[in-house]
Amino acid sequence: MLIDLTDIIKNINGKLEISETFMMPTVNFLGEDFVFDKEFKAVGTIINNSKALELSLDVSGEALVHCARCGKPIKVDIDFPVFETLVREGTEISDSDDVILYSGKQIELDDIVVSNFLMNVPVKYLCREDCKGLCPNCGVNLNEKSCHCDEIPSDPWQEKLAEIMKNMTDTE
Ligand SMILES: [Zn+2]
Ligand SMILES: [Zn+2]
């Protein structure tokens with residue numbers, strides 16, 4: 001999402017309205033691939049406060065993720081704010097940590113939007129609040145089926161036999 005700053009740079013105390021649609025790049029975060037197959041919307045403003053440009057956006061869209069318990073693909077609504085101070089490269093500033101430098105008359109907002117997304121993303125998504133997940137023993141999705149893993153009392157003799165069999169095949 002490339003924004004043309006030509007007018008707002010000249011317009012001290014002015015305001016530039018932003019209303020754009022754009023494609024979010026696929027993001028991998030904490031082992032989850034966020035796939036965005038539909039356009040996102042960014043609505044907000046850039047205000048020229050005479051020293052810097054203040055960017056404020058509301059970004060919204062949909063993402064395809066996976067349930068943290070059962071792995072089912074789910075569609076989730078994404079909505080997060082973006083607040084950044086944009087300062088032209090070469091401007092004297094007291095604290096460069098909190099600003100984003102731009103050069104020229106345009107700014108590419110994709111990376112800024114993605115980093116703000118990552119600051120707001122929940123650690124995990126669930127397909128539903130009470131998702132039962134997968135049986136750790138047989139792998140069945142416990143939301144759809146029930147298994148009998150809990151009901152079978154473990155048989156020490158069977159386990160011993162399995163161990164012996166395993167050892168035998170291992171040494172072969
Ligand atoms: Zn689930
Ligand atoms: Zn099971």
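Remember, it's 1-based here, ligands and their atoms both numbered in the order they're listed.
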Answer whether the closest heavy-atom distance between the side chains of N48 and K15 falls below 4.5 Å.
->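 No - every pair of side-chain heavy atoms lies 4.5 Å or more apart.
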Are any non-hydrogen side-chain atoms of L134 and L142 less than 4.5 angstrom apart?
->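 No; the side chains remain at least 4.5 Å from each other.
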Hey, what's the angle at the Zn ion (ligand 2) spanning SG (C138) and SG (C149), nearest 10 degrees?
->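 That angle is 110°.
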Between SG of C135 and SG of C147, what angle is found at the Zn ion (ligand 2), rounded to 10 degrees?
->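 An angle of 110° at the metal.
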May I ask you to check whether F117 and F29 place their ring centres under 6.0 Å from each other?
->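 They do not qualify: ring centres at least 6.0 Å apart.
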Around atom CE of M165, are there more than 12 heavy atoms of other residues, nucleotides or ligands at under 6.0 Å?
->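 Check fails, neighbour count at 12 or below.
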Residues, nucleotides or ligands: over 12 heavy atoms within 6.0 Å of D130 CG =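 Yes - once you tally the heavy atoms of other residues, nucleotides and ligands closer than 6.0 Å, there are more than 12.
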Closer than 2.8 Å to the Zn ion (ligand 1), which protein N, O or S atoms?
->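 Within the sphere that stays under 2.8 Å of the Zn ion (ligand 1), the protein atoms of type N, O or S are C67 SG, C70 SG, C127 SG, C131 SG.
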With a cut-off of 2.8 Å, does H148 place any N/O/S atom under that distance from the Zn ion (ligand 2)?
->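 Coordinating: no.
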Output the distance between atom CG (L5) and atom CD (Q106), rounded to the nearest 0.5 Å.
->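 L5 CG to Q106 CD: 8.0 Å, rounded to 0.5 Å.
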Do the side chain of D33 and the main chain of V35 share a donor and acceptor less than 3.5 angstrom apart?
->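 Checked: no pair found.
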